[in-house]
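Shown next, in structure tokens, is the structure this report addresses.
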Protein chains: 2
Amino acid sequence: MSEEQFLRAYDPRDYPAVAVTVDVVALTIRDGALHLLLIQRAEPPFEGCWALPGGFVRPDEDLGAAARREFAEETGLGGEQLRRVHFEQLASYGTPDRDPRMRIVSVAHLAFAPDLPEPQAGSDASAAQWLPVSALASRQLAFDHERIVADGLERARSKLEYTPLATRFVGDEFTIAELRAVYETVWGHPLHPGNFHRKVLSVPGLVESTGQTTAHGGAKGGPRAKLYRAGDARLLHPALLRPGREETVR
Amino acid sequence: MSEEQFLRAYDPRDYPAVAVTVDVVALTIRDGALHLLLIQRAEPPFEGCWALPGGFVRPDEDLGAAARREFAEETGLGGEQLRRVHFEQLASYGTPDRDPRMRIVSVAHLAFAPDLPEPQAGSDASAAQWLPVSALASRQLAFDHERIVADGLERARSKLEYTPLATRFVGDEFTIAELRAVYETVWGHPLHPGNFHRKVLSVPGLVESTGQTTAHGGAKGGPRAKLYRAGDARLLHPALLRPGREETVR
DNA sequence: GCAATAGTGTCTTTAAGACACTATGAG
DNA sequence: CTCATAGTGTCTTAAAGACACTATTGC
């Protein structure tokens with residue numbers, strides 16, 4: 001059999017043996033901890049297992065649109081709440097045996113959201129919940145979703161450094177301390193409040209002042225904090241680098 | 001229904017017919033200029049048009065393996081030469097009408113190679129060539145490949161900053177000046193030789209000395225240069241940042 | 001008053017960049 | 001010899017981090 005004949009025999013136009021799905025690594029911050037959105041699968045394979053929200057891409061549907069739709073469908077979130085969620089493509093996963101049904105290539109997406117209400121499980125799921133990322137180690141996920149989550153978390157941690165991503169995790173108006181809490185939560189390190197404050201204000205376009213302050217001081221006292229909104233920068237320069245990365249470099 | 005029964009009753013044809021391809025943005029440096037590998041399509045659609053090397057992913061073939069195979073097939077390069085080419089996934093492109101034949105999702109990959117010989121066109125291509133990136137503006141590419149190339153170039157420029165990617169464009173042993181030429185070529189800026197030299201040696205794990213020097217001085221004179229090989233760093237810290245990025249931040 | 005926090009001042013250390021300079025080798 | 005280049009020295013500036021301190025609020 002010649003190479004050309006071989007290629008013909010497996011022509012995907014005649015035998016669509018591959019399916020394309022999207023999976024969504026949705027992250028938010030609740031109660032001062034980073035949370036990941038998981039659904040409990042209502043159907044095989046991996047029935048009853050926890051997994052990332054996702055599903056098949058529809059004909060004539062863009063990849064990003066499919067991610068948004070699946071996120072909305074499987075969580076019951078929509079409208080204004082969906083508008084404040086930021087989506088971006090993460091990577092594609094296509095190991096031949098990653099799904100027992102058939103060959104499936106999944107285009108994983110990342111979603112970053114400010115604090116959202118508890119999700120309502122959609123049709124494909126028997127449950128949906130925000131799980132603290134710290135509790136992930138004790139929960140097995142379906143398919144290769146643990147790998148996808150790990151990649152997504154590393155991408156999120158990295159993007160905090162050189163993009164204004166952190167502002168996606170807070171409300172439209174926020175204090176510097178709230179922004180610092182995002183960094184501390186996602187990176188898992190405490191940061192120096194004074195130096196962080198000065199740094200955030202010194203990066204052009206990261207935040208802009210609203211001229212307002214919080215109505216009250218903090219719960220345990222302290223002065224009212226100035227309120228800011230996200231600035232117009234798309235890249236941070238100079239970046240906010242994670243402290244103590246020298247060891248992870250090799 | 002048990003999980004096993006479900007899998008047996010599962011019919012892949014119930015799911016929408018989407019095909020998955022890989023496309024490869026292969027970059028190398030020839031004659032001091034950044035070059036991109038293009039093939040001339042031998043079959044419709046876009047017959048006769050220049051395009052990225054790529055093709056359908058085979059059953060039971062990993063995405064990265066498909067990219068490597070397509071690169072090898074459509075260029076006639078293989079063996080030891082292929083070993084020195086570094087592949088990584090770039091992003092996936094799945095706009096519904098990006099291919100006139102049917103719904104095709106393409107998982108684009110980046111390939112970085114030291115200077116390779118002129119490619120030999122494979123079965124799907126009537127020609128293959130390394131095209132200087134500077135000449136891209138005057139050549140229309142098939143499908144959405146211009147967008148993919150733009151994304152790939154930006155990714156390459158960015159990865160030079162914080163990874164040892166530049167060492168993939170030179171031979172196993174190289175001088176600091178050769179490494180600097182890579183940065184200058186990919187970024188399109190001249191760099192200060194003295195400062196670059198010191199910086200490269202100061203970043204832990206970027207290069208390690210071979211103890212050797214070049215056999216002769218440069219073509220126009222000058223001392224022999226010390227030879228280095230790639231170090232063991234996977235991330236550069238502190239990074240080698242592109243000069244003058246303040247303007248592109250917004 | 002006391003504790004906690006917002007925000008600023010200042011100093012040290014590190015890194016980046018400008019510039020000068022020496023040494024080496026091809027022609 | 002001349003000229004281009006490898007490699008180093010030194011100074012300036014920018015940025016990161018440590019630490020101290022004041023001011024403002026809740027309790």
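In what follows, chains are A, B, ... by sequence order, proteins preceding strands, each numbered from 1.
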Classify the ring geometry of B/His145 against B/Phe143: parallel below 30°, tilted from 30° to 60°, perpendicular beyond 60°. tilted
Report the distance from atom CD of B/Glu178 to atom P of D/dT5, rounded to the nearest whole Å. 14 Å
Closest to the A/Pro238 side chain: D/dG7, C/dA6, D/dA15? D/dA15
With respect to the phosphate group of D/dT24, does any side-chain polar atom (N or O) of A/Arg224 fall under 4.0 Å of OP1 or OP2? no
Find which nucleotide of DNA chain C each of B/Leu241 and B/Lys220 is nearest to by heavy atoms, and output the residue with the more 5' nucleotide. B/Leu241
For the pair A/Phe112 and A/His86, name the ring-plane relationship: parallel under 30°, tilted 30 to 60°, perpendicular over 60°. parallel
Can you find a donor-acceptor pair, distance only, under 3.5 Å between B/Arg198 side chain and D/dG9 base? yes
So if I take every side-chain heavy atom of B/Ala177 and compare against D/dC19, D/dT24, D/dA6, which nucleotide ends up nearest? D/dA6
Can you tell me the distance, in whole Å, between the CG atom of B/Leu191 and the P atom of D/dT5? 15 Å
Assign A/Gly217 to base, sugar-phosphate, or nothing according to its heavy-atom contacts below 4.0 angstrom with the strands shown. sugar-phosphate
Spacing between B/Ile176 atom CD1 and D/dA4 atom P, to the nearest angstrom: 23 Å
Among C/dC19, D/dG7, C/dT8, the one nearest any side-chain atom of B/His197 is D/dG7
Answer yes or no: does atom CD of A/Glu173 have more than 12 heavy-atom neighbours from other residues, nucleotides or ligands under 6.0 Å? yes
So which heavy atom on B/Leu63 is nearest to which on A/Ser92, and how close? CD1-O, 4.1 Å
Using a cut-off of strictly less than 4.0 Å, decide whether A/Lys199 has a side-chain nitrogen or oxygen near OP1 or OP2 of D/dA16. yes
Does B/Arg155 use its side chain to pair, donor to acceptor, with the backbone of B/Leu90 at less than 3.5 Å? yes
Of B/Gly222 and B/Arg242, whose closest DNA chain C nucleotide lies nearer the 5' terminus? B/Arg242
To the nearest angstrom, how far is B/His192 atom NE2 from D/dG7 atom C1'? 12 Å
For B/Ala215, which contact category applies under a 4.0 Å heavy-atom criterion: base, sugar-phosphate, or nothing? nothing
Tell me whether the OP1 or OP2 atom of C/dA6 has a side-chain N or O from A/Arg180 closer than 4.0 Å. yes
May I ask you to check whether B/Tyr228 and B/Phe174 place their ring centres under 6.0 Å from each other? no
Here the distance between atom P of D/dC27 and atom NE2 of A/His216, to the nearest Å, is 10 Å
Nucleotide nearest B/Ala225 when distance is taken to its side chain, options C/dG7, D/dG7, D/dA23: D/dG7
Which sits closer to the 5' end of DNA chain D, B/Tyr228 or A/Ser202, going by the nucleotide each is nearest to? B/Tyr228
When the distance from CG of A/Leu236 to P of D/dA16 is rounded to whole Å, what number comes out? 11 Å
Taking atom P of C/dA15 as reference, at what distance in whole Å does atom CG of B/Asn195 sit? 15 Å
Contact class for A/Gly218 vs. all strands (heavy atom < 4.0 Å): base, sugar-phosphate, or nothing? sugar-phosphate
Measure NE2/B/His189 against P/C/dA18 and give the value in whole Å, please. 13 Å
